[in-house]
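First the proteins, then the strands, lettered A, B, ... as listed; each starts at 1.
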Number of protein chains: 2
Amino acid sequence: MTKNGKTGENITMFLFDQAFLQVKIEIEKALTGSPLIIREYLSHLSHSQGKLIRARSVLVVAQDAEGLIPEAAVLAAVAIEILHLASLVHDDVIDDADLRRGNTTVQKKYGKRTAVICGDYLLALSLKMLSRIEDKKEFHTSKFPDYVGRLCLGELNQYLNNHNTGLSVYGYLKIISGKTAALFEAAFFAGAVASEKNSMEIACYQKIGHCVGMMFQLMDDCLDFDNTIEQARKPVQSDYENGVITLPLIHTFQQDAKLKLQADQGKLTREEINKSVEKSNGLGFTRFLMERFNTKAMRQIEKLNPSDQQRSDLTRILELASGKAI
Amino acid sequence: MTKNGKTGENITMFLFDQAFLQVKIEIEKALTGSPLIIREYLSHLSHSQGKLIRARSVLVVAQDAEGLIPEAAVLAAVAIEILHLASLVHDDVIDDADLRRGNTTVQKKYGKRTAVICGDYLLALSLKMLSRIEDKKEFHTSKFPDYVGRLCLGELNQYLNNHNTGLSVYGYLKIISGKTAALFEAAFFAGAVASEKNSMEIACYQKIGHCVGMMFQLMDDCLDFDNTIEQARKPVQSDYENGVITLPLIHTFQQDAKLKLQADQGKLTREEINKSVEKSNGLGFTRFLMERFNTKAMRQIEKLNPSDQQRSDLTRILELASGKAI
């Protein structure tokens with residue numbers, strides 16, 4: 001389907017399912033069709049694609065009132081997922097991780113050197129794709145490298161706070177705002193820019209993206225304490241074993257000074273931690289904060305005067321992020 | 001000094017020395033004035049600035065016939081040096097290097113995790129700066145991430161050819177075309193774009209940049225075999241000890257099959273290698289190739305109808321790259 005753009009040119013438009021399929025094909029193409037020398041390593045990554053919630057976000061944001069999505073948004077969605085992949089490849093180097101989504105990591109299979117280079121290559125590739133959609137809008141500054149910068153600072157902040165049992169709720173939210181939410185914000189921004197929304201709308205979408213990212217991370221934090229689900233989805237080491245103190249536990253430490261002391265002395269078993277988190281309702285507290293981000297996001301959605309379909313699609317992204325929908 | 005740009009706006013212009021000083025100040029500012037959380041690590045890098053030959057290249061290219069340099073070129077020069085720094089920080093992770101220009105590397109001082117993140121951050125920072133000068137020209141595709149991609153592929157290619165004593169001259173030139181020359185090409189491209197040269201001129205400058213980069217790497221390869229100079233400038237492990245087979249040695253292996261066999265069996269001492277390289281005139285062969293790149297570059301320079309000053313400045317960059325000037 002084609003449509004006339006603002007400057008009169010013909011724009012190819014997709015329905016959501018078509019666009020999403022196209023995104024999957026293009027990611028696969030970018031990885032398995034990469035230059036010969038790097039192809040083996042990037043092809044390895046194509047086996048472990050997740051649910052592509054960031055790409056879904058780009059497409060949902062880019063939908064017009066008739067549910068049509070411009071081709072530029074497909075490109076943006078691919079770029080955002082590749083940016084995400086770049087960050088995962090470097091994360092695995094940083095965390096010395098062996099497994100990711102059930103597959104051997106690049107750093108484990110091919111070594112840290114190769115993984116550092118592959119991450120750099122993917123980062124450059126995604127920024128190249130993203131710069132194409134920004135030029136289209138003649139933006140004067142490029143925001144995407146900013147998001148990458150925020151992502152890096154969030155990662156660093158998390159690493160510096162490893163094993164910090166005294167981390168405050170505010171401090172933690174600041175970390176995940178960079179580590180996780182920046183990329184969701186980038187996805188929402190990309191979807192809005194690719195579909196030529198106005199600057200008020202772009203600002204709204206960025207705020208929604210931030211909330212979605214925060215909810216997504218807090219949901220992930222809860223999963224780490226929910227043993228049944230955890231075993232299914234996270235077959236590797238959990239956050240706590242990696243020294244990462246997440247919100248449910250921060251809340252628990254604030255309720256129980258003795259427990260914090262024991263943790264500082266390295267005397268806590270995983271079982272004791274789980275029990276204490278349950279007792280102090282750490283998961284309830286985390287879900288309460290998630291709800292606040294949800295409310296904030298809903299308020300921004302209403303500001304956009306969405307059609308029923310748009311409201312329903314955006315709400316579905318919120319549900320995916322908060323684990324209410326799978 | 002100001003001048004009217006093509007679209008009538010006022011452009012601040014600098015003489016070379018002013019511009020170069022400004023570049024140094026801005027690099028320092030970018031590193032020591034970075035966000036608090038990453039400042040310590042980036043400030044550490046500000047101690048080990050080199051001769052900034054890439055920044056010099058940007059400025060020389062951006063000079064007009066009166067020797068004036070637009071402000072955008074200063075920004076571009078800073079960005080190119082920061083991009084270079086990003087690649088060095090990741091290189092040191094990859095090579096497990098302890099020292100760089102006489103200073104402890106980030107990876108040695110603060111660990112590999114921090115170094116991976118710092119490199120990513122610097123990469124994003126430099127691409128952000130570069131995207132600003134590209135938007136100015138309303139380019140439809142962004143070339144800088146492409147250069148980063150080529151750099152990554154060059155690095156990977158070199159790594160995959162570690163200890164490969166059968167590497168051909170062509171294969172080696174291809175490696176360094178990515179590993180080193182891509183960034184010089186990016187510098188020349190950046191200088192040309194920042195000073196709003198036309199597309200024929202931009203293409204010429206890119207070719208010159210490629211030649212400068214090739215010469216720069218080949219000169220560095222020679223230094224590795226020139227013991228006196230080597231000791232002064234490269235206090236760490238040499239290429240051969242790191243498994244990197246460079247051109248003087250490739251030429252030598254091609255002349256002496258027995259030597260190659262000994263190398264494959266790990267039976268060669270550094271002294272034997274130096275002797276053989278001398279005997280087969282490996283350095284002479286390398287300098288012969290450098291001369292060819294020099295001639296190529298000079299031909300492109302003449303195509304630009306340069307003023308005497310511009311010709312002299314560009315020639316000086318060629319001399320710096322080939323070690324004829326310090």
> Please report the interatomic distance CG(A/N161) to NZ(A/K174), rounded to the nearest 0.5 Å.
10.5 Å
> Examine whether an atom of B/Y147 lies under 4.5 Å from a heavy atom of chain A, and if so say whether it belongs to the side chain, the backbone or both; otherwise answer neither.
neither
> Which of the residues B/N157, B/L153, B/V148 is involved in the greatest number of heavy-atom pairs with chain A at under 4.5 angstrom?
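Most pairs with chain A among the choices: B/L153.
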> Counting heavy-atom pairs closer than 4.5 Å to chain B, which one of A/L122, A/D146, A/D96, A/L151 comes out on top?
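Sorted descending by pairs with chain B, the first entry is A/D146.
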> Relative to chain A, which segment of B/L160 carries a heavy atom at a distance below 4.5 Å: side chain, backbone, both, or neither?
side chain
> Under 4.5 Å, counting heavy-atom pairs only, tell me which of A/D91, A/T114, A/V93 racks up the most with chain B.
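Highest number of heavy-atom pairs under 4.5 Å: A/T114.
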> When the ring centroid of A/Y205 is compared with that of A/F189, is the distance short of 6.0 Å?
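Ring-ring flag for A/Y205/A/F189: false, centres at least 6.0 Å apart.
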> Among B/C118, B/S126, B/G149, who wins on heavy-atom pairs under 4.5 Å with chain A?
B/G149
> A/L156 versus chain B, heavy atoms under 4.5 Å apart: side chain, backbone, both or neither?
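Backbone plus side chain of A/L156, per the 4.5 Å heavy-atom cut-off to chain B.
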> Give the intermediate values and the outcome of side chain to side chain donor-acceptor pair (under 3.5 Å) for residues A/N162 and A/Q158.
CA-CA 6 Å; A/N162 259 7; A/Q158 169 169 302; 5.2 Å; no
> Which one, B/S34, B/A124, B/A86, B/S87, leads in non-hydrogen pairs under 4.5 Å with chain A?
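Among B/S34, B/A124, B/A86, B/S87, the one with the most close pairs to chain A is B/A124.
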> Below 4.5 Å from any heavy atom of chain A, which atoms of B/L123 appear? Answer side chain, backbone, both or neither.
side chain
> Can you tell me which portion of A/Y121 sits under 4.5 Å from chain B's heavy atoms? Options are side chain, backbone, both or neither.
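When you check distances to chain B, atoms from both the backbone and side chain of A/Y121 fall under 4.5 Å.
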> With A/R54 as the cation and A/F216 as the aromatic partner, state whether NZ or CZ is under 6.0 Å from the six-membered ring centre and within 45° of the axis.
yes
> Might you work through the side chain to side chain donor-acceptor pair (under 3.5 Å) test for B/Y172 and B/N164, ending with a clear yes or no?
CA-CA 10 Å; B/Y172 181 71; B/N164 175 9; over 6 Å; no
> Does a side-chain heavy-atom distance below 4.5 Å link A/H84 with A/I80?
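A/H84 does not reach A/I80 side chain to side chain.
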> Do B/E155 and A/R113 sit within salt-bridge range, that is, some charged N less than 4.0 Å from a carboxylate O?
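Salt bridge flag = no for A/R113 with B/E155.
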